[in-house]
2 protein chains.
Amino acid sequence: MEVKTKQQGIKVVADVLDIIGGKWRGPILSYICDKPRRFNELKSILGRITSATLSKELRYLEELRMIERVEIRTETSSAYEYRMSQHGKSIKTLIQHVVEWGLQHRRVVLEEEIIP
Amino acid sequence: MEVKTKQQGIKVVADVLDIIGGKWRGPILSYICDKPRRFNELKSILGRITSATLSKELRYLEELRMIERVEIRTETSSAYEYRMSQHGKSIKTLIQHVVEWGLQHRRVVLEEEIIP
DNA sequence: CAGGATCCATATGGATACTG
DNA sequence: CAGTATCCATATGGATCCTG
């Protein structure tokens, strides 16, 4: 698979933006990336997200094969955690590229504002 | 400038998504990237965008220092074109990274669907 | 040709309340 | 703890009409 037309490239970019875009999906992925997280753990790290929203976003990221919901059983209890899928892990590098460019962007914009 | 906390990293990512996200900003940048474009040229390439929307998006990308609006004067007429700023050009590489990851993502998701 | 002004449709995420 | 169901607020982009 490769990009043959600009139209296709644009669609591929839109796919990716759908995954890391929106208000929460980027942050959620970035926290799960570090280590598997429990539902309420994510909820408290993320701050102002509601259960309903977090639930929806997690379902969607699962559907996209970015994360997996796994049951953790002990003798006495069971719990769930969310972790990156094998494929999901690969987005970490991309996010690093995004951050790098974003920092450069800030430098440029700030400099222009300091020395107009 | 560097990222010291995850919170900062998340903000930087949000900055970038604001630039290439939304329905039109990615496509607009990608067409201007190739070569300078006129307003109505963009409008017709982009297809279903209205003047009002295109106008808003272009103003915003200018404000972000991604593109520049330049007047082209001849003896008999004047016209405007939009071109990437020096800084704006640097996003091309990032978009390539995004496309590469996006293609990999498609491969993974499609394969899983073919062989469930 | 290159837009601005105004008003409107829809999608995203939020508030609230509830369940096993 | 880990969610779901329902309803709702706001933001993004669109439709339409107008201008120099």
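Letters A, B, ... are given to chains in the order of the sequence lines, protein chains preceding strands, and every chain is numbered from 1. Values below: all heavy atoms of this structure, side chains included; hydrogens, waters and symmetry mates excluded.
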Separation of D:dC1 atom P from A:Ile72 atom CD1, nearest Å, is 16 Å

Kindly state each residue pair satisfying ring-ring contact (aromatic ring centres under 6.0 Å, His included) with at least one member in residues 38-82 of chain B, sequence neighbours excluded. none

If a protein heavy atom is under 4.0 Å from the base, mark B; if only from the sugar-phosphate, S; if neither, -; do that for nucleotides 14-20 of chain D going 5' to 3'. BBB----

Aromatic ring centroids of B:Trp101 and B:His97 under 6.0 Å? no

To the nearest Å, how far apart are A:Tyr82 OH and D:dA2 P? 8 Å

Span of DNA chain C, from the first to the last nucleotide whose atoms fall under 4.0 Å of chain B heavy atoms: C:dC1 to C:dA5

Electrostatic pair B:Arg38:B:Glu81 at N-O distance under 4.0 angstrom: no

B:Leu54 vs B:Lys43, side-chain contact (heavy atoms from CB on, under 4.5 Å): CA-CA, chis, key distance, verdict: CA-CA 7 Å; B:Leu54 179 54; B:Lys43 190 162 148 51; 3.9 Å; yes

Taking A:Arg69 first and then A:Glu62, would you say they form a salt bridge - that is, a charged N and a carboxylate O separated by under 4.0 Å? no

Please list, in numerical order, the residues of residues 33-42 of chain A that have a heavy atom closer than 4.0 Å to any atom of DNA chain D. A:Arg38, A:Phe39, A:Asn40

Which residues pass the side chain to side chain donor-acceptor pair (under 3.5 Å) test with B:Ser85, not counting sequence neighbours? none

Taking 4.0 angstrom as the limit, do A:Glu71 and A:Arg73 come out as a salt bridge? yes

Checking A:Glu63 side chain against A:Arg59 main chain: does a donor-acceptor pair fall under 3.5 Å? no

Would you classify B:Tyr60 as touching base, sugar-phosphate or nothing, given that sugar-phosphate means primed atoms plus P, OP1 and OP2, and contacts are heavy atoms under 4.0 Å? nothing

Is it true that A:Arg83 and A:Glu68 have a side-chain N and a carboxylate O under 4.0 angstrom from each other? yes

Using side chain to side chain donor-acceptor pair (under 3.5 Å) as the criterion, list what pairs up with A:Arg107, not counting sequence neighbours. none

Euclidean distance, atom CZ of residue A:Arg69 to atom C1' of D:dG3 [Å, nearest integer]: 8 Å

